[in-house]
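What you see below is based on every heavy atom in this structure, not just the backbone, and it leaves out hydrogens, waters and symmetry mates. Here is the naming used below: chain letters follow the sequence lines, and residue numbers restart at 1 for every chain.
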2 protein chains.
Amino acid sequence: MDDRKRQILKAIVDDYVETAEPVGSKTLVERHSLQFSSATIRHEMAELEEMGYLEKPHTSAGRMPSDKGYRAYVDNMLSLPEISPHEALDIQRFLLENLDEARELIVRAAEYLAGKTNYLSVALSPQYSDSSLEQIKILMIEPGRAIVVLVLSAGVVHDRLIRIPAMLDENQLDQIARAVERCLAGKKLDDITLVTISSAADDTGLPEALVNQVLYEAYVAIKQTEKIEIYMDGKYHLLKHPEFRDVDRANRFYQAVHQENMVAGYMMEMKQELEEKKAEYCGFEFDCLETLPAPPEAKASYMVRIGQEIALDGMEDMSFVSTTYRIGRYISGQIGVIGPKRMQYGNIISQISFVNKALTEAADEHYGRTHADERKE
Amino acid sequence: MDDRKRQILKAIVDDYVETAEPVGSKTLVERHSLQFSSATIRHEMAELEEMGYLEKPHTSAGRMPSDKGYRAYVDNMLSLPEISPHEALDIQRFLLENLDEARELIVRAAEYLAGKTNYLSVALSPQYSDSSLEQIKILMIEPGRAIVVLVLSAGVVHDRLIRIPAMLDENQLDQIARAVERCLAGKKLDDITLVTISSAADDTGLPEALVNQVLYEAYVAIKQTEKIEIYMDGKYHLLKHPEFRDVDRANRFYQAVHQENMVAGYMMEMKQELEEKKAEYCGFEFDCLETLPAPPEAKASYMVRIGQEIALDGMEDMSFVSTTYRIGRYISGQIGVIGPKRMQYGNIISQISFVNKALTEAADEHYGRTHADERKE
DNA sequence: ATTGGCACTCGGTCGCTTCGAGTGCCAATA
DNA sequence: TATTGGCACTCGAAGCGACCGAGTGCCAAT
């Protein structure tokens, strides 16, 4: 593909993204001040179509980009706008203001992205399988009920209400908790199994019958910590876009997106691929902002899936931009945006990458010292 | 309004609810085996229209119910189908299966309702302002961070991560927690203020500077417990219904529903009204099912808001069915359904009322003994 | 290789007609 | 007097043809 073709394709995508109308040779020349005549453009367009980058809805209509066309655009002719310092402050504030739980961070990030892009944002909660258990405490609420509090490396705290044998008293419970902690502390969550945990039973000097139920509940609490949640925000935005004038289409899409497990699974796959460096696009970097000095490892790498490339039923005419966020060394998750194929890729990618970066930094800030400790090693 | 008019109005509503088409005199006779001729019906319809119960989209079209028509239908000609034992088991299982947190109950109830009705379900989390604080524990995670665990009457547990002065040790923290508990135990959450809680400071014998931050954080944790959350499920259902063929309309509705605070506030108002016995419809009772013997206070009372009656922008052509659920004596919340005015009122009301009942019972079951204790008094 | 010119295409819009389910009214009937 | 069958009328929906215009492909001239 020569340079002129590239220029024309870019103009077509830009135009179509803006207007949502098939674009013809003449308007293209007018609107994008190209230095060739419309006839030349027609020539080139015909060739681009033959090569598969463009499509016509019917013979006498203008052209619109095909999936392949968008792909080429994203691969080769993307310009990534910088995030203004004003916006950067905005998002920092949005993420951190009145923040209690770190868990809330990812929800807020998704909310921000949705608001900013006018598309659907999707986020997976951090994956803790690789972090290790530091502390476990069991607190009696009343006879028969207790609360398990787990502290992971990097200072993440999770808890869960459990039922325990009614005759256990506080001391015994504490004994059990200590035994479990001795047995598991420092272990990766992933490596903790029912077998591992039950070896703590001998250590307590209490009758097995009493201990086992507690161990099991603690085990469940730990496993639950590993469960990945999915958050979405901005579903209501999509109806605004012309591609959803067709209710049936909108309906089909919403049914698809409602299958949260499917979407989450697919995002995990994308994450996997990004990690295996199969990712198409890496090395995007921000330097627009001094207030947030980026640590060298904070380069955001993202992934774009266009139309048919998305292996999810009902998403054939959407695009999915996705990126992996990191919190500390061992914790990561996924955050992205789903919108019509006709999206402002550059803008969206900038936004996502920046939110990603801000998210990481906000988490660092929130975990503060803890995390700093971890870094020292 | 004489009996025949009532019969005809009912037939029209039933028909329109089913077909979503304005209904004419002739089809009405055919489909509902009425014992009058179409001419008579036309007469009556003209009168019903004059009285404001019916509307015509244009001169030569059939009639459809007005808000007032639906209102009359709901007030006077509703038949409430019984819930089958099969369904009853279904919902019990759905609510209780693998349930950890009681908080999850209301989410599941909303989910169930949405699935069952094909409309949007909306639920408010339980309101704890009237329950009292029983225990407060503060558990140190690491220097500078701790977790506050609150136990309310009825066994409800809430917690929150807090920051504390880094120099506090576990013992001191425990001392503070005990002081707070002595000071607040048994008090209604509503009655706890910054003033009340700060009187615990003297009791610790520790320097005020150290204690105050912890007290403040504990206070915030308590107040946060009172915060009411709103859950919605089934937004994606609404696009299936013919009233949402019009994307703009759908869009307007989704924007409205997205203002969750508005919706929550409105539901609180409805709850208020229900409690003040201004409620239009009370005393609906279930007796279809032996497996769930209803305690005498479990009568469900519900409220229907139709079209313009809903004081929320963008909901003018929806209906809102709402009901108050109770958990124990002092805890209650709101659960309801929003759908097109053209809804199967009888069916929906039955479902909601039953879910309400099941929810109460599931909560009882889950809190088990604790709650039973409360009842003894 | 690029361009201006020209004949051709085809979806969208506008106006017209037809169709049919609906109405209102009236005169006949029980 | 209340009910009914009959009939003329209404009006939106659907179908049809003409027209418009933004678009194309192709060709001959530069």
Side-chain angles (χ1 to χ4, degrees), chain A residues 1-9 11-16 18-66 69 242-243 245-247, chain B residues 1-9 11-16 18-66 69 242-243 245-247:
Chain A
M1 175 157 24
D2 64 21
D3 201 60
R4 190 170 66 185
K5 279 206 181 51
R6 211 168 300 139
Q7 197 183 344
I8 291 173
L9 179 55
I12 291 174
V13 173
D14 283 338
D15 201 89
Y16 185 70
E18 192 181 335
T19 64
E21 300 286 326
V23 23
S25 51
K26 212 169 148 196
T27 41
L28 196 67
V29 172
E30 283 166 15
R31 266 207 286 246
H32 297 261
S33 56
L34 297 174
Q35 56 275 51
F36 337 105
S37 79
S38 70
T40 315
I41 305 247
R42 276 203 294 283
H43 251 296
E44 295 283 36
M45 279 169 124
E47 279 178 56
L48 280 167
E49 185 177 356
E50 192 144 346
M51 297 161 76
Y53 294 105
L54 297 179
E55 304 182 327
K56 275 192 294 201
H58 58 267
T59 349
S60 75
R63 307 303 211 291
M64 45 200 272
S66 65
E243 8 278 299
R245 298 297 345 168
D246 179 2
V247 180
Chain B
M1 171 153 31
D2 63 22
D3 201 60
R4 190 170 68 187
K5 279 206 182 52
R6 212 167 299 139
Q7 198 183 341
I8 291 173
L9 180 54
I12 291 173
V13 173
D14 284 336
D15 200 271
Y16 185 69
E18 192 181 336
T19 64
E21 301 286 325
V23 24
S25 51
K26 213 168 149 197
T27 40
L28 196 67
V29 172
E30 282 166 16
R31 266 207 285 247
H32 296 262
S33 56
L34 298 173
Q35 55 275 55
F36 338 104
S37 80
S38 71
T40 314
I41 306 251
R42 276 203 294 283
H43 252 294
E44 294 282 38
M45 280 168 123
E47 279 179 55
L48 280 168
E49 185 178 356
E50 191 143 347
M51 296 161 75
Y53 294 104
L54 296 179
E55 306 182 325
K56 274 192 296 200
H58 57 267
T59 350
S60 75
R63 307 303 212 288
M64 45 200 274
S66 65
E243 9 278 298
R245 298 294 351 165
D246 178 2
V247 181

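Other residues, nucleotides and ligands contribute only 12 or fewer heavy atoms inside 6.0 Å of the CD atom of B:Glu50. Taking a 6.0 Å sphere around NZ of B:Lys56, one finds it holds more than 12 heavy atoms contributed by other residues, nucleotides or ligands.
The side chain of A:Thr59 approaches C:dC10 more closely than any other nucleotide in the set D:dT4, D:dT10, C:dC10.
As rounded to whole Å, 14 Å separates atom C1' of C:dG22 from atom CG of B:Asp15. Between B:Phe36 atom CZ and D:dG5 atom P there is a gap of 14 Å when expressed in whole angstrom units. In this structure, CE of A:Met64 is placed 16 Å from C1' of D:dA22, rounded to the nearest angstrom. Put simply, OH on B:Tyr16 is 19 Å from P on C:dA21, counting in whole angstrom units. Protein atom CD of A:Glu30 is 11 Å distant from nucleotide atom C1' of D:dA22, rounded to whole Å. Separating the CD atom of A:Glu44 from the C1' atom of D:dT24 is a distance of 16 Å, rounded to the nearest angstrom. Between B:Met45 atom CE and D:dT4 atom C1' there is a gap of 17 Å when expressed in whole angstrom units. Rounded to an integer number of Å, the gap from CD of B:Gln35 to P of D:dT3 is 11 Å.
Taken to the nearest 0.5 Å, the NE2 atom of B:His32 stands 9.0 Å off from the CD1 atom of B:Ile12. Summarising the geometry, atom CD belonging to A:Glu49 is positioned 14.0 Å from atom CZ belonging to A:Arg42; distances are rounded to the nearest 0.5 Å. Between atom CD of residue A:Glu44 and atom CZ of residue A:Arg63 there is a gap of 11.5 Å, rounded to the nearest 0.5 Å.
When heavy atoms are screened at a 4.0 angstrom cut-off, B:Thr27 is found touching the sugar-phosphate backbone but no base atom. Residue contacts for B:Lys26: at a heavy-atom cut-off of 4.0 Å it reaches no nucleic acid atom on any strand shown. When heavy atoms are screened at a 4.0 angstrom cut-off, B:Ala61 is found touching the sugar-phosphate backbone but no base atom.
Nucleotide D:dC16: paired with C:dG15 (Watson-Crick or G-U wobble, both distances less than 3.5 Å). Within the shown strands, C:dG4 is the pairing partner of D:dC27 under the Watson-Crick or G-U definition, both distances less than 3.5 Å.
Checking B:Arg42 against A:His43, the closest nucleotide of DNA chain C that is more toward the 5' end is the one next to A:His43.
Proximity of A:Arg4 to the phosphate of C:dA1: no side-chain N or O atom is located under 4.0 Å from OP1 or OP2. Within the structure, every side-chain polar atom (N or O) of B:Ser37 is placed at least 4.0 Å from both OP1 and OP2 of D:dT3. Here B:Arg63 does not reach the OP1 or OP2 of C:dA21: none of its side-chain N or O atoms lies under 4.0 Å away. At D:dT24, one or more side-chain N or O atoms of A:Ser25 fall inside 4.0 Å of OP1 or OP2 (strictly under the cut-off). Contact annotation: A:Lys56 reaches the phosphate of D:dG25 (side-chain N/O to OP1 or OP2, under 4.0 Å).
The base of C:dT9 sits with one of its N or O atoms less than 3.5 Å from a complementary donor or acceptor on the side chain of A:Ser60.
The closest side-chain heavy-atom distance from B:Leu48 to B:Met1 is below 4.5 Å.
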